[in-house]
K.L.:
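Just dropping this structure here.
All figures in this text were calculated on a predicted structure; none of them were measured in a lab. Order of the sequence lines sets the chain letters (A, B, ...), proteins ahead of strands, with each chain counted from 1. Hydrogens, waters and symmetry mates are skipped; everything else that's a heavy atom, side chains included, is used.
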2 protein chains.
Amino acid sequence: MSDVTAPNLANLFDDLPDAPLPIYAKLKQAISLKISSGEWQTNQRIPSESEVVKALGVSRMTVNRALRELTAEGFLVRHQGLGTFVAEKKAHSALFDVHNIAEEVAARGHKHRSELLVLESAKATMEEAMTLGVRTNHGIFRSVVLHFENDLPIQIEERVVNATLAPEYDKQDFAKHTSYEYLMSAAPMTEGEHLVEAILPNAVECERLQIQASEPCLQIKRRTWAGDDIVTAARLLHPGSRFQLFGHFGR
Amino acid sequence: MSDVTAPNLANLFDDLPDAPLPIYAKLKQAISLKISSGEWQTNQRIPSESEVVKALGVSRMTVNRALRELTAEGFLVRHQGLGTFVAEKKAHSALFDVHNIAEEVAARGHKHRSELLVLESAKATMEEAMTLGVRTNHGIFRSVVLHFENDLPIQIEERVVNATLAPEYDKQDFAKHTSYEYLMSAAPMTEGEHLVEAILPNAVECERLQIQASEPCLQIKRRTWAGDDIVTAARLLHPGSRFQLFGHFGR
DNA sequence: ACAATCAACTTGTCTATACATCTAAAAAAA
DNA sequence: TTTTTTTAGATGTATAGACAAGTTGATTGT
């Protein structure tokens, strides 16, 4: 348990949309913002319930509810007698993590690197419009990125992006940030679906992934929405010998 | 919204382990039990907060907390002015559905059938104890079931079951019910983890699944808990050409 | 007969208070 | 110095009371 002094509370309710929310919800929102913005860092101690009570003039039970719910949602960790701390990391959910192949590789203590093979802006073809679920005259971006773990190919990422929602997609530096990171900031994705299959790779894929034609591959097709608008459709292909998909449910 | 009259509350705290739990936790446990046992059925209206207050002599805030948390966990649905109802179904998440291969096949309008290849009761080997996370001297069941979709093999299900939690496992009729269905009724599973891989089948698996040795297979290893106790560990193997894993997240 | 109003009941939120339990550090005792 | 005790502060739980807001059905008025 780290032991940094608690941050001050003067600006707790700043920069918040003034929607007509209950107090406990505003508190949750404000604290989430402090965490996601990095102002309150991992393992840092946050103000105690009574400090918030004194600073904001609300009831302790209200503060307690906000902190309790944020704890249940995995943003905070509380220890009786000690205080409330920013939790290690928002473990997204189930298979969501695989979006971020870079982070995953880094978490294993390995080196991640990627090569941008294709990046083009175009009108959607009929097939793309179908899988992307947009009107045909909408602009799209199409990209193919090859990801490496310790200089060994681990994923081919073919992606089609809705240009309306992510207009700066083609201006990204794909060596520095993954497409996932940009898309998350441009149009936070709230919903999605996967289709996971075991298939054999074709000739091009074999060469790109540096594998034999007989090696089974794990293919993940994924479509992701932000609200009602589809953001992106991706096809991720992994060598079976170098990749496992992990997920958990419940809790 | 269905409109059944609220059930009575005389026996709310019966059949409950008398662990030293907070009142709100006991309430949650009792209500969960009513639901999982089928006594309170889907869409049925459950007692209002004030009814519980009158019947059990606890504070409304305490009841409110229990009901609010059960709602957040997806067991209940609440409507202001109307009441509290048993939720549709613990829509577990993402890949949970694949547990029920029988239902999945039926949903496609196809015929499901299964063959019980192995069923034995034993002490857990060291390896099984490790993967199952139980003490070595615990009894286990081990089963292998082959599932068919329209008389074509679609899944090999190898399973190890904690005999303490599911004592009647070996007395089930595996032709009538899947192991999943029995386990769900014996020890409702609340948590689990998956490991998905693309692999090549061995000789025995090729024969059982009626596939070539070169055909990639989708392997799912899954462990499932009920509370803190592990219930079962399973390995599911599917021919890549006959099976896709579908899941969605968000909402 | 129809419409508007009201009453009763429900969940949703907020407050003030109280006591329990846990922790760490200060104070007291050895 | 070392050990023990106390104390202050933190979270955890429980209660009683109040008001807001949504829904339904009964009542009232036209």
K.L.:
Any ion pair linking B:Glu157 and B:Arg235 (charged N to carboxylate O, less than 4.0 Å)?
P.N.:
no
K.L.:
Let me know the distance between CG of B:Asn64 and C1' of D:dA18, rounded to the nearest Å.
P.N.:
14 Å
K.L.:
If you compare every side-chain N and O of A:Tyr24 against the phosphate oxygens of C:dT13 (OP1, OP2), does one of them come in below 4.0 Å?
P.N.:
yes
K.L.:
Which atom pairs link the protein and nucleotides 3-10 of chain D when you take only N or O atoms and keep those under 3.5 Å?
P.N.:
residue: D:dA10; atom: OP2; partner: A:Ser50; partner atom: OG; Å: 3.3

K.L.:
Using 4.0 Å as the upper bound for N to carboxylate O, is an ion pair formed by B:Arg68 and A:Glu69?
P.N.:
yes
K.L.:
Is a salt bridge present between B:Arg78 and B:Glu49, judged by a nitrogen-to-oxygen distance below 4.0 Å?
P.N.:
yes
K.L.:
For A:Leu67, which contact category applies under a 4.0 Å heavy-atom criterion: base, sugar-phosphate, or nothing?
P.N.:
nothing
K.L.:
Rounded to whole angstroms, how far apart are CG on A:Leu21 and P on D:dA20?
P.N.:
19 Å
K.L.:
Using atom CD of A:Glu69 as one end and atom P of C:dC14 as the other, report the distance to the nearest whole Å.
P.N.:
11 Å
K.L.:
Given A:Arg159 and A:Thr232, is the side-chain hydrogen bond (donor to acceptor under 3.5 Å, both in side chains) satisfied, shown in steps?
P.N.:
CA-CA 7 Å; A:Arg159 189 175 288 277; A:Thr232 180; 3.1 Å; yes
K.L.:
Closer than 4.0 angstrom, basic N to acidic O: yes or no for A:Arg108 and A:Glu149?
P.N.:
yes
K.L.:
Please report, rounded to the nearest Å, how far the P atom of C:dC9 is from the CD1 atom of B:Ile46.
P.N.:
19 Å
K.L.:
Using a heavy-atom cut-off of 4.0 Å across all strands, would you classify A:Arg65 as base, sugar-phosphate, or nothing?
P.N.:
sugar-phosphate
K.L.:
Just by distance, with hydrogens left out, do A:Ser32 and A:Gln29 show a side-chain donor and acceptor under 3.5 Å apart?
P.N.:
no
K.L.:
For the side chain of B:Met61, counting heavy atoms from C-beta on, which of C:dT13, D:dA14, C:dC19 is nearest?
P.N.:
C:dT13
K.L.:
Tell me the interatomic distance from A:Lys26, atom NZ, to C:dC14, atom C1', rounded to whole angstroms.
P.N.:
14 Å
K.L.:
Check the distance between C:dG12's P and B:Arg60's CZ and give it to me in whole angstrom.
P.N.:
9 Å
